[in-house]
Amino acid sequence: SGGGFSVFRHPTPMRSLANAFTAGEVNDFLRRMKTLTGTNDIVFSAEPKLDGIAVNLIYRNGKLVTAATRGDGESGENITDNILTLPDIARTLKNTPVPAILEVRGEVIMTTADFIKLNETQQAAGKKVFANPRNAAAGSLRQLNAAITATRSLRFYAHGIGEADSAIGDTHTETMNWLATQGFLPAAPRCQSREANALLAYYENIQTQRSELPYSIDGVVYKVDSLALQRQIGYVARAPRFAIAHKFSAETAVTVITDIDLQVGRSGVLTPVARLQPTAVGGVVVANATLHNVGLIDEKDIRINDYVDIRRAGDVIPEVIRVISEKRKPDSKPWSPSDNCPACGGAISRDERFFRCDNLQCSGRQRAAIRHFVSRNAM
């Protein structure tokens, strides 16, 4: 693979989790488990969902032979040399007998403290800083020179196993306890309960502790604890039916809009972008937010120098939720763009929601078209 990492096919697929965003969806999941198993007496386990890079460790006869990233779930990149630089990885398993084949699954993360330290070092060296701990972990793990990975303070937290040709416990909790005896770090604090109320109280509790935890988490995971019941419940195409991720709502912050720029798209549509006083939202420093279209600016009456609530939508692209009108200055004026395209100076036309540059030869349109053409989803 062009001097990069070789491709590794996972012995069993690394599936993703279905998501829940509300208590109602969690209750639906818990009820579904009771229906599928025909019993009301189910113990569920709950644990934090670490926001890192999913990795599979393959042990044969107790020796670590391969480590690979999740990739598309069927196959990932072989990163064994890099993984061997991490302190939390058992090279050989103790407590014989151990399964002849065992996949240990978990997340490679960078703690918040190590992330801040790395960015300070990068900045001092004039190198690029990372947007968040997950990107820093990914960039560090995928270094072709493992010596660089070794300097990056990465940690591995186990969250379960894949293939095991002999049992190491009857429940997920027993499996996690066994992994802890092998020196693997488990995500904590964990909880077990039969009651929806206790699981939801655990979620609320973890959400309030979120900023104090040493690492980034984006929700909690509930699983049917019994491995026999897990097997009975089974999988849908890309996800286990017996587990669900209860995601946190996106984090919000208050900041000031310092300016509004228009960006030219490949169809000539001009998208307004708010320039913000830089502020941290959900562990990322944000300086811009999309305003989607001009109709939205009218609806929300967004102006330069306004204080606004921003949120990272789906925890990725920041958006303006509302204007804090009580903080607006008395001399504030509604925003309106210039009559000319910022890229080519051509005339701008407007319909209900969109401004457009009508010049087909517009350099901004052509640049956007070329960018689209060479993007991952196009060419």
Side-chain angles (χ1 to χ4, degrees), residues 12-52 54 70 73 103-107 157-164 167-180 186-213 215-251 282 313-315:
T12 53
M14 292 183 76
R15 295 176 171 93
S16 46
L17 290 169
N19 291 330
F21 293 94
T22 64
E25 289 172 327
V26 173
N27 280 312
D28 289 346
F29 163 75
L30 300 175
R31 269 197 298 274
R32 202 159 58 243
M33 294 306 99
K34 290 170 183 176
T35 309
L36 287 169
T37 56
T39 172
N40 283 329
D41 186 30
I42 301 180
V43 175
F44 293 92
S45 70
E47 60 200 37
K49 183 176 183 298
L50 270 59
D51 188 18
R70 180 175 175 274
E103 291 178 280
V104 176
R105 299 197 161 161
E107 299 281 314
Y157 281 80
H159 56 55
I161 61 169
E163 185 180 359
I168 50 178
D170 295 329
T171 62
H172 173 66
T173 301
E174 284 177 18
T175 304
M176 292 305 295
N177 293 343
W178 183 86
L179 288 170
R190 304 207 310 273
C191 118
Q192 280 165 285
S193 181
R194 292 173 167 78
E195 301 303 320
N197 291 347
L199 295 169
L200 292 168
Y202 165 83
Y203 169 86
E204 293 299 336
N205 187 25
I206 291 283
Q207 184 153 6
T208 58
Q209 292 179 41
R210 187 179 182 183
S211 58
E212 292 143 42
L213 292 172
Y215 38 63
S216 290
I217 61 172
D218 54 2
V220 305
V221 179
Y222 309 116
K223 290 179 185 168
V224 171
D225 203 35
S226 156
L227 301 183
L229 286 181
Q230 284 189 8
R231 283 191 290 275
Q232 185 187 330
I233 295 162
Y235 297 83
V236 290
R238 297 194 61 79
R241 284 161 86 174
F242 54 78
I244 199 164
H246 189 179
K247 301 296 274 275
F248 294 136
S249 50
E251 289 191 56
D315 267 355

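The residues of the chain are indexed from 1 along the displayed sequence. Keep in mind that this is a model prediction, so the values were computed, not measured.
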Roughly how far, to the nearest 0.5 Å, is [atom2] of [Y] from [atom1] of [X]?
X	Y	atom1	atom2	answer
L229	F242	CG	CZ	11.0 Å
H159	R190	NE2	CZ	13.0 Å
I42	L30	CD1	CG	8.5 Å
I233	R32	CD1	CZ	10.0 Å
T171	N177	OG1	CG	7.5 Å
I244	L17	CD1	CG	8.5 Å

Only one of R241, Q230, R15 forms a side chain to side chain contact (heavy atoms under 4.5 Å, CB included) with Y235, so which one is it?
R15
Do you know the tightest heavy-atom contact between [X] and [Y]?
X	Y	answer
R105	T12	NH2-O, 2.6 Å
L213	A188	CD2-O, 4.4 Å
Q232	L36	NE2-O, 3.7 Å
A245	K49	CB-CD, 3.8 Å
H172	G160	CE1-CA, 4.4 Å

Are [X] and [Y] close enough that some pair of their side-chain heavy atoms sits under 4.5 Å apart?
X	Y	result
L199	V26	no
I161	E103	no
Y202	P48	yes
K223	E47	yes
F29	F44	yes
T173	M176	no

Donor-acceptor pair, distance only, cut-off 3.5 Å: does the side chain of N27 make one with the backbone of A196?
no
Taking G52's backbone N and O only, do any of them form a donor-acceptor pair with E107's side chain (distance below 3.5 Å, no angle check)?
yes
Take R70 and S16, measure what side chain to side chain contact (heavy atoms under 4.5 Å, CB included) needs, and give me the verdict at the end.
CA-CA 10 Å; R70 180 175 175 274; S16 46; 3.6 Å; yes
Can you tell me how the ring of Y215 sits relative to the ring of Y157, calling it parallel under 30°, perpendicular over 60° and tilted otherwise?
perpendicular
Pair I217-D51, side chain to side chain contact (heavy atoms under 4.5 Å, CB included): steps then yes or no
CA-CA 5 Å; I217 61 172; D51 188 18; 5.9 Å; no
